[in-house]
Colleague: 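After the structure tokens below, expect a handful of questions from me.
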Amino acid sequence: MKSTLLKNCRILQEGKLVRRHIYLEDSKIAYISEEIIAADEVIDLKELLVIPGMIDCHVHFREPGLTQKEDFLSGSMAAASGGVTSIIDMPNTLPPTTTVQLLDEKRKLAEKSIVNYGFHFGTDGDNLEEIKSAKNIASVKIYLNATTGNLCVTDFGKVERIMQAAPFCALHAEEQSLQEAISMASRLNKRFYAAHISSAAEIQMIKKAKKRPFVEVTPHHLFLDESYLQGNPMLGKVKPLLKAKKDQEALWQAIKNGIVDTIGTDHAPHLAEEKLSQESFGFPGVETALPLLMDAMQRDLITLEKAIELTSANPARIFQISNKGKLAEGYDADLVAIDLEMEKEVKASGFFSKSRWSPFEGKLLKGWPVYTFVNGNLVFSHGKIHDIKAKELLFEPRQKKIAQEGAAQEAASQEAASQEAASQENGKPVEQDKGVAL
Ligand code: NCD
Ligand code: ZN
């Protein structure tokens with residue numbers, strides 16, 4: 001057994017930042033201690049902030065078929081350098097991941113990943129038997145709006161049959177199709193994962209839902225608005241489109257109100273020349289998500305607790321990922337050490353992603369990952385990648401747990417809605433919980 005001591009970590013414990021030493025045994029966190037424990041290897045993290053690595057539930061690593069844009073090695077190196085320790089890949093590859101055989105082929109391709117990986121299964125609306133046989137998938141992703149690839153399902157009869165057959169569904173549904181999906185899910189008593197919610201109107205629909213979906217928002221909808229698209233008509237294209245300032249504000253408010261469950265990057269890389277020469281929707285995201293959030297935290301836009309909840313604890317809980325999403329004894333050692341003092345401009349020419357452009361190019365951010373550990377292995381340090389292969393995520397069987405989860409979430413969302421109603425009656429905006437001072 002190999003032991004590693006991560007000395008002098010600043011971690012969040014019971015709402016407070018404290019100095020602790022984290023003792024790893026092989027891939028696991030064995031002890032979180034106030035005392036130094038002798039270990040085979042000691043890494044002094046010199047008071048850096050250590051948090052659970054981000055679990056990014058929404059990436060497009062483009063393998064197979066679109067590897068000029070990304071592959072599991074380049075995408076995972078990009079992820080590791082951004083403090084993302086697990087990713088869940090989307091099925092709109094070439095060919096799309098709509099059969100068990102294609103899923104198994106993708107599993108093989110993903111073995112080169114240096115962060116942990118899982119898969120959303122695809123559907124063309126007619127692959128029910130494949131959906132029922134697919135093992136260890138995060139969800140079945142249903143595209144109700146057209147986007148990159150050929151997986152759009154517009155027949156709601158088919159969507160209903162998929163929702164009934166699948167253990168869990170993630171939906172790309174915007175505006176009207178989101179409303180219809182919410183009504184259907186409420187009728188079927190099914191909870192789904194609503195990817196990249198981006199507008200005030202969608203937040204309203206979700207608040208009113210009888211059966212509220214889990215809500216993902218992306219960093220680009222939080223940190224950019226439609227003015228970026230106006231200034232960059234080709235590069236600025238993303239699905240859903242960047243929205244108005246008031247929509248952006250509604251997303252931040254929804255984070256404060258507990259309506260938002262996860263931040264997923266929707267890392268959708270295209271080469272700059274592809275973006276500029278033909279209509280290509282999507283932005284790279286794994287290298288900038290945590291720096292954007294850490295910078296926002298230091299400007300009091302979000303608390304550290306909330307950022308951790310949205311990027312690790314909730315993704316692990318919602319997708320029922322075994323043993324991940326917490327900095328606690330017995331959990332997998334998927335960790336990121338962040339230098340909150342490091343101030344640096346986003347420079348896409350230095351990205352590990354093949355997509356060497358960014359909508360955040362030139363943006364000055366304070367708070368960057370310096371060390372990333374995956375399963376106890378140091379895979380990124382001080383700008384360098386260490387190529388150590390990771391593992392496939394394990395998703396726990398759903399039925400029972402998700403039903404309980406449903407009840408708990410419902411109560412939480414009703415409470416959030418009634419709190420907001422109460423504060424609106426008082427004429428005051430809802431105040432953000434203060435969280436920890438840094
Ligand atoms: C995604 C892509 O390119 O795969 N594009 C995007 O704009 N988000 C597809 C998607 O998530 O809709
Ligand atoms: Zn996507």
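Sequence positions, counted from 1, serve as the residue numbers for this chain. Indexing begins at 1, ligand by ligand and atom by atom, following the structure's order.
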Colleague: Just by modelled atom types, is the Ser355 backbone N or O under 3.5 Å from a matching donor or acceptor in the Glu70 side chain?
Modeller: no

Colleague: Which ligand 1 atoms are under 4.0 Å away from a heavy-atom of Asp266?
Modeller: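 Near Asp266, meaning under 4.0 Å from one of its heavy atoms, ligand 1 has 8 (N), 11 (O).
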
Colleague: Could you pull out all residues at least two apart from Asp26 that satisfy side chain to side chain donor-acceptor pair (under 3.5 Å)?
Modeller: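 Partners of Asp26 by the side chain to side chain donor-acceptor pair (under 3.5 Å) criterion come out as none, since no residue qualifies.
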
Colleague: Going by the atom numbers of ligand 1, which of them fall below 4.0 Å from some non-hydrogen atom of Val238?
Modeller: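 Near Val238, the atoms of ligand 1 are 7 (O).
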
Colleague: Check whether NZ of the Lys or CZ of the Arg Arg107 lies under 6.0 Å from the centre of the six-membered ring of Phe119 and within 45 degrees of that ring's axis.
Modeller: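 Judged by the rule (NZ or CZ under 6.0 Å from the ring centre, within 45° of its axis), Arg107 is not positioned above Phe119.
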
Colleague: Whether the side chain of Lys389 engages the backbone of Lys112 through a donor-acceptor N/O pair (distance < 3.5 Å, no angle test) should be reported.
Modeller: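 Pair found, side chain donor or acceptor close to backbone of Lys112.
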
Colleague: Could you tell me whether Phe283 and Trp357 have their ring centroids closer than 6.0 angstrom?
Modeller: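 Centroid distance Phe283-Trp357: below 6.0 Å, so yes.
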
Colleague: Can the positive tip of Arg398 be found less than 6.0 Å from the middle of the six-membered ring of Phe168, inside 45° of the ring normal?
Modeller: yes

Colleague: How about Gln101 and Glu130: does a side-chain donor come under 3.5 Å of a side-chain acceptor?
Modeller: no

Colleague: Return the residue, atom name and 0.1 Å-rounded distance of the protein heavy atom closest to atom 12 (O) of ligand 1.
Modeller: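 The protein heavy atom lying closest is Thr147 OG1, 2.8 Å.
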
Colleague: Could you check which of Phe283, Tyr143, Phe281 puts a non-hydrogen atom nearest to atom 6 (C) of ligand 1?
Modeller: Phe281

Colleague: Which ligand 1 atoms, with their elements, are less than 4.0 angstrom from a heavy-atom of His270?
Modeller: 3 (O)

Colleague: What residue and heavy atom of the protein are closest to atom 3 (O) of ligand 1, and at what distance?
Modeller: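 Checked against all protein heavy atoms, atom 3 (O) of ligand 1 sits closest to Thr148 OG1, 2.7 Å.
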
Colleague: For His221, check side chain to side chain donor-acceptor pair (under 3.5 Å) against everything at least two apart and list the hits.
Modeller: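 Counting only residues at least two positions away or on another chain, His221 forms a side chain to side chain donor-acceptor pair (under 3.5 Å) with Thr218.
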
Colleague: Show all protein N/O/S atoms under 2.8 Å from the Zn ion (ligand 2), or state that there are none.
Modeller: His58 NE2, His60 NE2, Asp266 OD1

Colleague: Identify the protein heavy atom lying closest to atom 11 (O) of ligand 1, giving its residue, its atom name and the separation to 0.1 Å.
Modeller: His60 NE2, 3.1 Å

Colleague: Using a strict cut-off of 4.0 Å, indicate which atoms of ligand 1 neighbour a heavy atom of Ala268.
Modeller: 1 (C), 2 (C), 3 (O), 5 (N)

Colleague: Would you please determine whether His58 falls within less than 4.0 Å of ligand 1 on a heavy-atom basis?
Modeller: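 His58: in contact with ligand 1 (<4.0 Å).
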
Colleague: Would you mind running through ligand 1 and noting each atom that sits below 4.0 Å from a heavy atom of His172?
Modeller: 12 (O)

Colleague: List in chain and number order the residues that pass side chain to side chain donor-acceptor pair (under 3.5 Å) with Ser139, two or more places apart in sequence or in another chain; answer none if no residue qualifies.
Modeller: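 By the side chain to side chain donor-acceptor pair (under 3.5 Å) rule, Ser139 matches His120.
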
Colleague: Keeping Lys275 on the side-chain end and Leu235 on the backbone end, is there a donor-acceptor pair under 3.5 Å?
Modeller: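 Side chain of Lys275 to backbone of Leu235, a donor-acceptor pair under 3.5 Å: yes, one is there.
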
Colleague: Strictly under 6.0 Å, is that where the ring centroids of Phe61 and Tyr117 end up?
Modeller: no

Colleague: Taking the six-membered ring for Trp, is the centroid-to-centroid distance between His382 and Tyr371 below 6.0 Å?
Modeller: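 For His382 and Tyr371, the ring centres are under 6.0 Å apart.
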
Colleague: What atoms of ligand 1 come within less than 4.0 Å of a heavy atom belonging to Asn92?
Modeller: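 Close to Asn92: 2 (C), 4 (O), 9 (C).
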
Colleague: Of the choices Glu174, His196, Lys239, which has the non-hydrogen atom that lies closest to atom 7 (O) of ligand 1?
Modeller: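 Heavy atom nearest to atom 7 (O) of ligand 1 belongs to Lys239.
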
